[in-house]
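Worksheet: one structure, shown below.
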Amino acid sequence: RHPLATFFHLFFRVSAIITYLLCDWFSNSFVACFVTILLLLSFDFWSVKNVTGRLLVGLRWWNQIDEDGKSHWVFEAKRVPTIAASTEAEARIFWLGLIICPVIWTVFLFSTLFSLKLKWLALVIAGISLQTANLYGYIHCKLGRQKSTSRVTS
């Protein structure tokens, strides 16, 4: 069981969303709000990509550049069943957090556009980009494992 990883998997995501919703009420500084939310989104991206995905569901992904300058996505999954390493509840929390949060940021995108608060648009697009990249990577890891093209993590 990994309760600390589960906590941080949701902590940065939920903190960024709550900060986005309440930032105007607590601060008049757009720059302070922008930087705080962007830092939370960055911490979330890093922790999900490098720690919680590996611990909670046994998946990881990364992008590498070869000598020719071409970008290659690498998807990796443990061969052994990950249920032994983590509980089904942790895996469910991982996937729900991974799927629901990009949907919330997409709602924020439309809200930002319709309310004409265009100064927040760059932040919302950054949130969608970071969280969708993690979602994309982990979906490909999971699909690769189901096709039994997984590799053993070192």
Side-chain angles (χ1 to χ4, degrees), residues 1-66 68-77 82 86-147 150:
R1 298 191 63 144
H2 302 94
L4 195 59
T6 305
F7 170 76
F8 280 108
H9 176 69
L10 296 176
F11 175 75
F12 293 124
R13 291 174 172 267
V14 172
S15 295
I17 290 169
I18 290 173
T19 304
Y20 178 80
L21 290 172
L22 302 178
C23 205
D24 282 339
W25 291 352
F26 294 114
S27 175
N28 290 330
S29 173
F30 170 74
V31 173
C33 292
F34 189 94
V35 169
T36 302
I37 296 167
L38 196 58
L39 282 173
L40 288 168
L41 288 169
S42 300
F43 292 155
D44 169 63
F45 179 80
W46 182 87
S47 68
V48 170
K49 182 181 169 304
N50 295 313
V51 179
T52 63
R54 190 178 311 176
L55 292 176
L56 299 180
V57 291
L59 304 172
R60 73 179 191 161
W61 65 271
W62 66 92
N63 189 335
Q64 65 186 33
I65 310 292
D66 63 8
D68 298 332
K70 289 186 177 181
S71 177
H72 299 281
W73 286 63
V74 181
F75 306 102
E76 198 170 76
T82 58
S86 66
T87 66
E88 185 68 32
E90 287 176 338
R92 194 170 292 131
I93 288 170
F94 176 83
W95 287 107
L96 283 174
L98 203 64
I99 293 168
I100 291 173
C101 289
V103 171
I104 292 172
W105 283 102
T106 303
V107 170
F108 290 162
L109 174 72
F110 291 114
S111 169
T112 302
L113 290 173
F114 292 135
S115 66
L116 297 176
K117 294 183 179 179
L118 299 180
K119 65 182 181 181
W120 293 99
L121 192 60
L123 181 67
V124 172
I125 290 172
I128 291 171
S129 300
L130 290 171
Q131 295 198 355
T132 303
N134 264 333
L135 179 62
Y136 174 82
Y138 282 111
I139 286 175
H140 277 281
C141 288
K142 186 170 176 81
L143 293 176
R145 180 176 61 190
Q146 289 175 349
K147 293 177 186 175
S150 61

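Distance CZ/Arg92 to OG1/Thr6: 13.0 Å, rounded to 0.5 Å. Leu143 contributes atom CG, which lies 10.0 Å from atom CG of Leu59 (distance to the nearest 0.5 angstrom). Cys23 contributes atom SG, which lies 10.0 Å from atom CG of Asn28 (distance to the nearest 0.5 angstrom). Rounding to the nearest 0.5 Å gives a distance of 7.0 Å between CG of Leu123 and CZ of Phe30. If you take CG on Leu130 and CG on Asp44, they are separated by 8.0 Å, rounding to the nearest 0.5 Å. Arg54 CZ to Lys49 NZ: the interatomic distance, rounded to the nearest 0.5 Å, is 8.5 Å.
In this structure, Ala5 and Leu55 approach most closely via the heavy-atom pair CB-CD1, 3.9 Å. Contact detail for Gly137 and Phe75: the closest heavy-atom pair is O-CD2, 3.4 Å. Thr132 approaches Ile128 most closely through the heavy-atom pair OG1-O, 2.6 Å. Nearest heavy atom pair, residue Asn63 against residue His72, reads OD1-O, 3.1 Å. When all heavy atoms are compared, the tightest approach of Gly127 to Leu41 is CA-CD1, 3.6 Å. Of all heavy-atom pairs spanning His9 and Phe94, the tightest one is NE2-O, 3.1 Å.
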Using atom types as modelled, flag every donor-acceptor pair under 3.5 Å from a side chain in residues 97-112 to any protein atom, sequence neighbours excluded.
unit_1 : atom_1 : unit_2 : atom_2 : d
Thr106 : OG1    : Pro102 : O      : 2.8
Thr112 : OG1    : Tyr20  : OH     : 3.0
Thr112 : OG1    : Phe108 : O      : 2.7

Check: Would Ile93 and Leu10 satisfy side chain to side chain contact (heavy atoms under 4.5 Å, CB included), going step by step from the backbone distance to the final call?
Finding: CA-CA 8 Å; Ile93 288 170; Leu10 296 176; 3.6 Å; yes

Notebook entry, point to check: Phe12 and Trp46: side chain to side chain contact (heavy atoms under 4.5 Å, CB included), yes or no, with the steps?
Noted result: CA-CA 10 Å; Phe12 293 124; Trp46 182 87; over 6 Å; no

Margin query: Working note: Arg13 + Val48, criterion side chain to side chain contact (heavy atoms under 4.5 Å, CB included); need CA distance, chi angles, decisive distance, verdict.
Written below: CA-CA 10 Å; Arg13 291 174 172 267; Val48 170; 3.9 Å; yes

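By the neighbour-count criterion of 12 heavy atoms within 6.0 Å, atom CZ of Phe34 is densely surrounded, having more than that number from other residues, nucleotides or ligands. The number of heavy-atom neighbours closer than 6.0 Å to CG of Asp66, taken from other residues, nucleotides and ligands shown, is above 12.
Under the side-chain hydrogen bond (donor to acceptor under 3.5 Å, both in side chains) criterion, Trp120 pairs with no residue at all, not counting sequence neighbours. Scanning for side-chain hydrogen bond (donor to acceptor under 3.5 Å, both in side chains) contacts around Thr36 gives an empty result, with sequence neighbours left out.
By the 30° and 60° cut-offs, the orientation of the rings of Trp61 relative to Trp73 is parallel.
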